[in-house]
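On a predicted model such as this, the values are computed, not experimentally measured, just so you know. The first residue in the sequence is number 1, and the count goes up from there.
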Amino acid sequence: GDEGVRQFLDQITALGHDVDVKDFGEVANVFSGRGHGRDDYVEEDAPSSQKGPQYLRVGDIRNGFIESPDIYLGKGVASERERLEEGDILLTSVGTVGRIASVSSKFAGSVPSQGIIVIRTEEELQPAYVHRLLMSSVYQKWIEGHSVGSTIDRLRITELRSLNIPVLSKDLQETVALMTDPGVNSDRILFVLSGEIEKDPVVTFLSESRDVEELDLGRYEVEDKMYE
C-alpha cells in the first residue's frame, strides 16, 4: 500500500537519480469513462451510417492489451471528449481492479465505459513508462489496498490522482519502459535503474537493434502484440 510506495520512492532516490515525486493528478489528466446504456448500442454489422466508435468495457481490458470489443455505440451518441487517444493508459476501476492497457492507434477514437479510468500523460511523463509503473508489484499492491466496496471492489479516481509517482529523466523513463516483463517486480525496476541495464540482453537488443528500428512501429502497437 502507501508504505510500499514510499519505500520504493526512497530506494530510487537512494540510487542517486534526480527524481521528482509528484501526485498523478499533477502530471496527467486522470478521468473516468462514461456509462452508456443498451439503447446507445448498435450491432457490429450495422450500416456505417449508424455505427459510431467501439465501446470498451472492463472485460475488454487485459493485463497489457485491449481485446477487441464487440459493442459499438450509435453514431453521434458519444462526444469527442469521451474518445481515447493513442498513448492513453487504461486502468480498470470496478470489479477486477488494476488491469492496465495502453491505447494503440487501433483503438484510438474508442470510448471507455464508466468502469475504466483513463490516464493521459503530460509532457514530463512517457506513457510506456507509466504503463510499466502501474503494472509493477508495488503499484499493483497500492491499487489493491485502495480498492474498496461491500460487494464489488472500486478504486476511486480521487485516490489515484493523489498517488505519488517518480518523475525521472526521459532516458531513465525509456529504460524502464523497455523492460519486457508484462508484470514487473519492483525490485527489478530498481535493479535496472541501478545501472545494470546492460545485463538484460533482451532490453539491450530492443534498444540497439537496427532491425527493430526499421520496423517503424509505434511503441504501443509493439506492446499490444507482445502481450497477445
Quick check for you: to the nearest 0.5 Å, what is the distance between Ser93 atom OG and Ile116 atom CD1?
8.0 Å
Set of residues satisfying salt bridge (charged side-chain N to carboxylate O under 4.0 Å, His left out) with respect to Glu26, sequence neighbours excluded:
none
Those residues at least two apart in sequence (or on a different chain) that pass ring-ring contact (aromatic ring centres under 6.0 Å, His included) with Phe31 are none
For Pro166 against Ile12, the heavy-atom pair lying closest together
CG-CD1, 3.9 Å
Quick one, Ile165 and Leu125 - any side-chain contact, counting heavy atoms below 4.5 Å?
yes
Which atoms form the tightest heavy-atom contact between Leu56 and Pro69, and what is the distance?
CD2-CG, 3.4 Å
Could you give the distance from CD (Gln7) to CD (Glu3), rounded to the nearest 0.5 Å?
4.5 Å
Is a salt bridge present between Asp70 and Arg57, judged by a nitrogen-to-oxygen distance below 4.0 Å?
yes
If you apply the rule side chain to side chain contact (heavy atoms under 4.5 Å, CB included), what do you find for Asn29 with Val118, and how did you get there?
CA-CA 8 Å; Asn29 183 12; Val118 182; over 6 Å; no
Check whether any side-chain heavy atom of Asp60 sits under 4.5 Å from a side-chain heavy atom of Phe65, and report yes or no.
no
Evaluate the side chain to side chain contact (heavy atoms under 4.5 Å, CB included) criterion for residues Leu9 and Val5: first the C-alpha distance (whole Å), next the side-chain angles of each, then the deciding distance (0.1 Å), finally the verdict.
CA-CA 6 Å; Leu9 296 173; Val5 170; 3.9 Å; yes
Should Val167 and Val21 count as side-chain neighbours, where that means a heavy-atom distance under 4.5 Å?
no
Tell me which pairs pass side chain to side chain donor-acceptor pair (under 3.5 Å) where either residue lies in residues 155-164, with sequence neighbours left out.
Asp23-Asn164
Of all residues at least two apart in sequence or in a different chain, which pass the side chain to side chain donor-acceptor pair (under 3.5 Å) check with Glu124?
Lys22
Side chain to side chain, Val42 and Leu73, heavy atoms closer than 4.5 Å
no
Any non-hydrogen side-chain atom of Leu90 less than 4.5 Å from a side-chain atom of Leu84?
yes
Over all heavy atoms of both residues, which pair between Ala101 and Arg62 is shortest? Give the atoms and the distance, please.
CB-O, 4.1 Å
Can you classify the ring geometry of Tyr41 versus Tyr55 as parallel (below 30°), tilted (30 to 60°) or perpendicular (above 60°)?
tilted
Can you list the residues that meet the side chain to side chain contact (heavy atoms under 4.5 Å, CB included) rule with Ser147, with sequence neighbours excluded?
Val97, Ile143, Asp153, Leu155
Side-chain donor or acceptor of Ser32 paired with backbone N/O of Gln114 under 3.5 Å:
no
Apply the test side chain to side chain contact (heavy atoms under 4.5 Å, CB included) to residues Phe8 and Thr13: give CA-CA distance (whole Å), side-chain angles for both, the deciding distance (0.1 Å), then the verdict.
CA-CA 9 Å; Phe8 178 68; Thr13 303; over 6 Å; no
Tightest non-hydrogen contact, residues Ser48 and Lys75, listed as O-NZ, 3.3 Å
Using the rule side-chain contact (heavy atoms from CB on, under 4.5 Å), only one of Leu178, Asp187, Thr175 pairs with Val192; which is it?
Thr175
Report the distance from atom CD1 of Ile117 to atom CG of Asp88, rounding to the nearest 0.5 Å.
13.0 Å
Please report the C-alpha distance between His131 and Gln126 in whole Å, then the side-chain angles of each, then the deciding distance to 0.1 Å, and finally whether the side chain to side chain donor-acceptor pair (under 3.5 Å) criterion is met.
CA-CA 9 Å; His131 184 133; Gln126 296 183 33; over 6 Å; no
Glu82 (side chain) donor-acceptor with Ser79 (main chain) under 3.5 angstrom:
yes
Please check if the number of heavy atoms outside Lys141 that lie under 6.0 Å from its NZ is greater than 12.
no
Can you list everything that forms a salt bridge (charged side-chain N to carboxylate O under 4.0 Å, His left out) with Glu123? Sequence neighbours excluded, please.
none
Separation between CD of Glu86 and OG of Ser104, rounded to the nearest 0.5 Å:
7.0 Å
Under 4.5 Å between side-chain heavy atoms, counting indirect links through other Ile/Leu/Val/Met/Phe/Trp/Tyr residues: same cluster for Ile66 and Ile71 or not?
no
Tell me every residue that passes side chain to side chain donor-acceptor pair (under 3.5 Å) with Lys170, counting only those two or more places apart in sequence or in another chain.
none
Which residues satisfy the side chain to side chain contact (heavy atoms under 4.5 Å, CB included) test with Arg83, sequence neighbours excluded?
Pro53, Glu80, Val111
Close side-chain approach of His17 to Ser169, heavy-atom, < 4.5 Å:
no
Please list, chain by chain and in numerical order, all residues satisfying salt bridge (charged side-chain N to carboxylate O under 4.0 Å, His left out) with Asp40, sequence neighbours excluded.
none
Answer yes or no: is there a side-chain heavy-atom contact under 4.5 Å between Tyr129 and Leu168?
yes
To which residues is Val148 joined in a hydrophobic cluster, defined by side-chain heavy-atom contacts under 4.5 Å among Ile, Leu, Val, Met, Phe, Trp and Tyr, whether direct or through other members?
none
Spatial distance of atom CE (Met135) from atom CG (Leu91) [nearest 0.5 Å]
10.5 Å
Heavy-atom count around Asp18 CG within 6.0 Å, excluding the residue itself: above 12?
no
Audit row: Val94, Ile152, side chain to side chain contact (heavy atoms under 4.5 Å, CB included) steps and yes/no:
CA-CA 7 Å; Val94 176; Ile152 300 176; 3.7 Å; yes
Given side chains that start at C-beta, do those of Phe107 and Ser68 come closer than 4.5 Å, heavy atoms only?
yes
What pairs meet the ring-ring contact (aromatic ring centres under 6.0 Å, His included) rule with one or both residues in residues 143-172, with sequence neighbours excluded?
Trp142-His146
Determine which pairs satisfy ring-ring contact (aromatic ring centres under 6.0 Å, His included) with at least one residue from residues 71-98, sequence neighbours left out, and list them in order.
none
